Amino acid sequence: MLDIKQIRLEPEKFRSGLRAKNAEDKLDSLLALDEQRRKYITKADDLKSLRNTVSKEIGELRKTKQSADEKIKEMREVGIQIKTLDTDIKDVENKINQVITTFPNIPHKSVKIGKSEEDNETVKSWGKKPILDFKLKNHLELSDDLGVLDFARSSKISGSGFPLYMGKGARLERALINFMLDFHAEKHGYTEVFPPFLVNRDSAFGTGQLPKLEEDMYLTTLDDLFLIPTAEVPVTNIHRDEILSEKKLPIKYTAFSACFRREAGSYGKDTRGLSRVHQFNKVEMVQFVKPDESYEVHEQLLKDAEDILQALGLHYRVLNLCSGDLSFAAAKCYDIEVWAPGSDKYFEVSSVSNFEDFQARRANIRYRRADNNKVEFLHTLNGSGVATPRLMIALLETYQTNEGTVVIPEILHPYTGFTTISNNEI
RNA sequence: GGAGAGAUGUCCGAGUGGUUUAAGGUGCACGCUUGGAAAGCGUGUGUACUGAGAGGUACCGGGGGUUCGAAUCCCCCUUUCUCCGCCA
C-alpha cells in the first residue's frame, strides 16, 4: 500500500510512478477525499473533546448530589452529531481504501521505464547453451518416453495443468525440493519454515493478492480461504501486525510449498506440459530487512537463487524487469530464466523482488529502531529459489543423451538415489 | 461438533461504569556506580490519526449496541487453552 501522507507531499512523484507501471491515475480524486476526511476528523474530534470534558463534569456533579440533567441533555445532542460525523468519516475512509488498495507499488529509481516484457533488460547470463549433437527431444517427449510424467491420467483426475509425477519423476521432484531447501538452510543461512497452504483474506491482502488479483487464486468458498499462489503469502504474513526488534533483522525464511494458480485466460501453446500449470512446487525465500539495506539484500537474494542453478549446472540469464512488467507489489524485480535446449527457449524459474515497505504497510509489519527507539515499517523481499516445473524441463532437456536417457547431476544423487533415468522404475 | 476458561502496551500482568491520564514488573535507551562487567540506584520509554505548534482524538482480540460517560455492561464473530466427541 502506498502512503497517503507521502502522496500528499509529493503527488507528482507518485503520478509518474503509477504511470510507469501502466496504472490508472486517480490521484486527484484520492487527494480530494483525503482532504474531506481530515475536515470531518477535526470536527468530530472537537465534539468528542467537549463530550469528554462535560462527561467528567457530570460525574463530579453526581458525586456531590447536584443535578446534571441540563448537561446530560446537551451531551445527548452532541452524541448524535458525533455519530453522524463518525459515519461520514467511515464512508470517506472506505472510499479512500477502495482506491488506494488498488494502486500498485511504484518502481525504484533504478528500474527502466518500459511498457511490457519487450523492454526488459538482460543484465547477465551464466553458463552456455550446451552443445548436443543429436536430435533433441523436448521435455514432453522425454517424459512420455521415460514415463516420469503422466498428463493423460492427471487430466482425468483434475483437468489440465495438474501434473502427475510417476516413479523416478516423482522421486526427482522430491529430490529437487529437498536439495534446494537444504542448500538455502545450510549454505545461505535461511531458517526453514513449513507454512499453511490455505490462507485467509487478511493474509492475501497483506502481500497484495487482494483485492485486485482475487481471480488469480483458487478460493474455498465454504471457509473463505485461498489456496496459496506462492509460499510468499503465508511466510510474509508470519509477522503481520508485529513490531520486531532491530536486533532480529534480517529475518530470512525459506519454505517449500505447493503453489496454486488459476492462470485464467492463459490458453495456447505455452500451456502444454510443465511450462504453465495450475499446481506446482516451489522453494521460496523471504526476507524482512531494515529499509536502508533492502537493495543490497535484493542483490544477495538474486545470488542465492542463482546458486541453485549453478549447482545444477544449468545455463540461465537474468532479466531486470522494466517498470511496466513489474508485478503489483514490486518496486524492483529480477527474473531468472533457465535454458531448455529441447524446447529451444528460456523459461522463467524465479522472480526476485524487493517490495520495499509496500507489503509491510498492508500487513502492518514494523520494527523498532535501536538508535532512537522509533517504530517504522520494514522492507520485505522474496525470491523463488526456485520453482520446480520449468527447472524439471531444463534438467530433462539439458541432461538428455542420444540414447534417450537422462543423466542426473551429481549433486542430486544423494537425494535421488539413482544416477540416470532410463525408465520410471525405482 | 459439545462444554468451560481466556485474549490488555516489546513481553508478563493488575484493573467489573466516572482522579485509568491503563497500576506494577520486564525489556529497551540514557545516566550514576565499577579497573571492567553484572547487580544495584535514578530518569525516560505504547501505537495511530489530526494539528504549524500547544494540544486534541482514537485504540485494551475484531465488529456492533447500551450510556452524558465503556478495558469494564449486552450481542455477534475470530482465536488460544482445558475437557469430551470425531479423526490421518
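Computed from a predicted structure; not experimentally measured.
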Checklist entry - Heavy atoms under 4.0 Å, any strand shown: does A:R361 hit a base, just sugar-phosphate, or nothing? => result nothing

Checklist entry - Does A:R38 place a side-chain N or O at less than 4.0 Å from the phosphate oxygens OP1/OP2 of B:G51? => result yes

Checklist entry - How long is the line joining CG of A:N97 and P of B:A48, in whole Å? => result 17 Å

Checklist entry - For every nucleotide of nucleotides 60-66 of chain B, 5' to 3': is a protein heavy atom under 4.0 Å from its base (B), only from its sugar-phosphate (S), or from neither (-)? => result ----S-S

Checklist entry - What nucleic acid atoms does A:K48 come within less than 4.0 Å of, heavy atoms only: base, sugar-phosphate, or nothing? => result sugar-phosphate

Next on the checklist: Less than 4.0 angstrom between a side-chain N/O of A:S55 and OP1 or OP2 of B:G18, yes or no?
Outcome noted: no

Set out, line by line, the N/O atom pairs under 3.5 Å between protein and nucleotides 8-12 of chain B.
none

Please tabulate, for the side chains in residues 185-198 of chain A, all donor-acceptor contacts under 3.5 angstrom to protein atoms that are two or more places apart in sequence or on a different chain.
unit_1	atom_1	unit_2	atom_2	d
A:H188	ND1	A:H184	ND1	3.1
A:H188	NE2	A:D307	OD2	2.8
A:Y190	OH	A:Q287	NE2	3.0
A:Y190	OH	A:D304	OD2	2.7

Checklist entry - OP1, OP2 of B:G69 versus side-chain N and O of A:K71: anything below 4.0 Å? => result no

Checklist entry - Using Watson-Crick and G-U wobble pairs whose two distances are both under 3.5 Å, how do you write the pairing of RNA chain B as dot-bracket, with | for links to another strand? => result ((((((((..[[..)..(.....]].((((((.......))))))(((((....))))).[[[[[..)....]]]]])))))))....

Checklist outcome for this item: Out of B:C68, B:U57, B:G51, minimum distance to the side chain of A:R8 belongs to B:G51

Can you give each donor-acceptor pair under 3.5 Å made by side-chain atoms of residues 91-100 of chain A, sequence neighbours left out, with the distance rounded to 0.1 Å?
unit_1	atom_1	unit_2	atom_2	d
A:E93	OE2	A:R37	NE	2.7
A:N94	ND2	A:K90	O	3.4

Distance-only criterion, 3.5 Å: show the donor-acceptor pairs between side-chain atoms of residues 230-245 of chain A and protein atoms not counting sequence neighbours.
unit_1	atom_1	unit_2	atom_2	d
A:T230	OG1	A:E232	N	2.9
A:T230	OG1	A:K282	NZ	2.8
A:E232	OE1	A:N382	ND2	3.3
A:E232	OE2	A:Q359	NE2	2.8
A:E232	OE2	A:N382	ND2	3.4
A:T236	OG1	A:E232	O	2.6
A:N237	OD1	A:R240	NE	2.7
A:N237	ND2	A:S203	O	2.9
A:N237	ND2	A:V233	O	2.8
A:H239	ND1	A:E242	OE1	2.9
A:H239	NE2	A:Y253	OH	2.8
A:R240	NH2	A:S203	OG	2.8
A:D241	OD1	A:N364	ND2	3.2

Checklist entry - Base, sugar-phosphate alone, or nothing: which one does A:K5 contact when heavy atoms must sit under 4.0 Å apart? => result sugar-phosphate

Next on the checklist: Can you tell me if A:N52 touches the phosphate of B:U57, counting only side-chain N or O atoms and a distance under 4.0 Å to OP1 or OP2?
Outcome noted: yes

Next on the checklist: Can you check the distance between B:A38 and B:U33, where both ends of the measurement are the C1' atom (answer in whole Å)?
Outcome noted: 12 Å

Item to check | Whole-Å distance separating the CG atom of A:L50 from the C1' atom of B:G55 | outcome: 16 Å

Item to check | Any A:R366 side-chain nitrogen or oxygen under 4.0 Å from OP1 or OP2 of B:A48 | outcome: yes

Next on the checklist: Rounding to an integer number of angstrom, what distance separates B:G17 and B:A29 when you compare their C1' atoms?
Outcome noted: 38 Å

Checklist entry - Taking OP1 and OP2 of B:G18, is either one under 4.0 Å from a side-chain nitrogen or oxygen of A:R62? => result no

Item to check | Atom P, compared across B:G46 and B:G24: separation rounded to whole Å | outcome: 13 Å

Item to check | Euclidean distance, atom CD1 of residue A:I41 to atom P of B:C49 [Å, nearest integer] | outcome: 10 Å

